[in-house]
Asker: 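Have a look at this one.
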Amino acid sequence: MEGIEIIAQAAGIVGMTFNILSYQPKTKKNVLILQLIGAAFFTANFFLLKAITGAVLNIVNVALALVFAFKEKTRADHPAWAVGFCAAYICSYVLTFTLFGLEPTTANLITEIFPVIGTLLTVLSYKMKDAKAIRKIGLFRSPAWLMYNIFVFSIGGIICEVVTIVSIIIAMIRLDIKKEGSET
């Protein structure tokens with residue numbers, strides 16, 4: 001591994017650590033602040049790996065976490081925020097092939113759409129009030145990001161999404177499936 005790749009992977013591992021720890025605080029605001037820090041490190045991770053879509057999406061994710069962490073001041077519940085963030089995510093996909101010059105091959109078009117799908121689902125999950133619904137969305141969001149992380153070889157990203165998927169499955173079994181079974 002070269003020096004830049006080592007720094008890139010280290011940034012991804014730090015980002016992964018913050019994202020995994022983000023599920024531990026009691027308040028949604030603190031969860032979002034830790035996710036914001038994780039997204040900042042993943043921005044560096046993806047830029048250094050020349051994975052531009054992932055980097056740009058994580059820049060937008062920092063803004064998304066800020067808006068929702070300080071929702072009283074930003075009025076995060078207003079639908080314009082969700083529409084604006086979704087537009088920014090879709091624009092990042094287009095910018096990858098135009099402004100940043102990634103060749104629009106079939107493989108690149110497919111690879112680069114995975115994190116866009118994942119981030120669009122993230123916006124949807126931020127709007128959910130029910131934890132069960134958030135977990136269901138996460139079960140689609142994380143595999144999309146996992147595929148991208150595998151393609152760009154972000155070690156921190158791969159581990160983060162595998163841990164997240166396992167955590168979601170455990171929570172669904174523990175909280176959703178067992179609860180439904182006990183209600184009958």
Asker: Output the distance between atom CG (Leu95) and atom CG (Leu102), rounded to the nearest 0.5 Å.
Answerer: 12.0 Å

Asker: Using a 3.5 Å distance criterion without hydrogens, assess whether the side chain of Gln9 forms a donor-acceptor pair with backbone atoms of Phe153.
Answerer: yes

Asker: Students often mix this up, so state it plainly: with edges at 30° and 60°, are the rings of Phe97 and Tyr93 parallel, tilted or perpendicular?
Answerer: perpendicular

Asker: Show your working on ring-ring contact (aromatic ring centres under 6.0 Å, His included) between Phe151 and Trp145 and close with a plain yes or no.
Answerer: CA-CA 10 Å; Phe151 290 133; Trp145 269 103; over 10 Å; no

Asker: So, using side-chain contact (heavy atoms from CB on, under 4.5 Å) as the criterion, who are the partners of Ala87 when residues are at least two apart?
Answerer: none

Asker: Under a 4.0 Å threshold between the charged nitrogen and the carboxylate oxygen, would Asp176 count as salt-bridged to Arg135?
Answerer: yes

Asker: Would you say the ring centers of Phe85 and Phe68 fall short of 6.0 Å from each other?
Answerer: no

Asker: Indicate yes or no for a side-chain donor-acceptor contact from Asn108 to the backbone of Pro104 under 3.5 Å, with no hydrogens or angles considered.
Answerer: no

Asker: CD1 of Ile37 to CG of Leu32: how many Å apart, nearest 0.5 Å?
Answerer: 11.5 Å

Asker: Which atoms form the tightest heavy-atom contact between Ser154 and Phe42, and what is the distance?
Answerer: OG-CE2, 4.1 Å

Asker: Output the distance between atom CE (Met172) and atom NZ (Lys132), rounded to the nearest 0.5 Å.
Answerer: 8.0 Å

Asker: When you measure from the side chain of Gln35 to the backbone N and O of Asn19, does any donor-acceptor pair fall under 3.5 Å?
Answerer: no

Asker: Would you find a donor on one side and an acceptor on the other, under 3.5 Å apart, between the side chain of Thr119 and the backbone of Pro115?
Answerer: yes

Asker: Any luck finding a side-chain donor-acceptor pair between Ser142 and Thr164 under 3.5 Å?
Answerer: no

Asker: Could you grab the distance from atom CG of Leu66 to atom NZ of Lys73, nearest 0.5 Å is fine?
Answerer: 11.5 Å

Asker: Just by distance, do the side chain of Asn45 and the backbone of Ala8 share a donor-acceptor pair under 3.5 Å?
Answerer: yes

Asker: If you take all heavy atoms of Leu49 and Val152, which pair is closest and at what distance?
Answerer: CD1-O, 3.9 Å

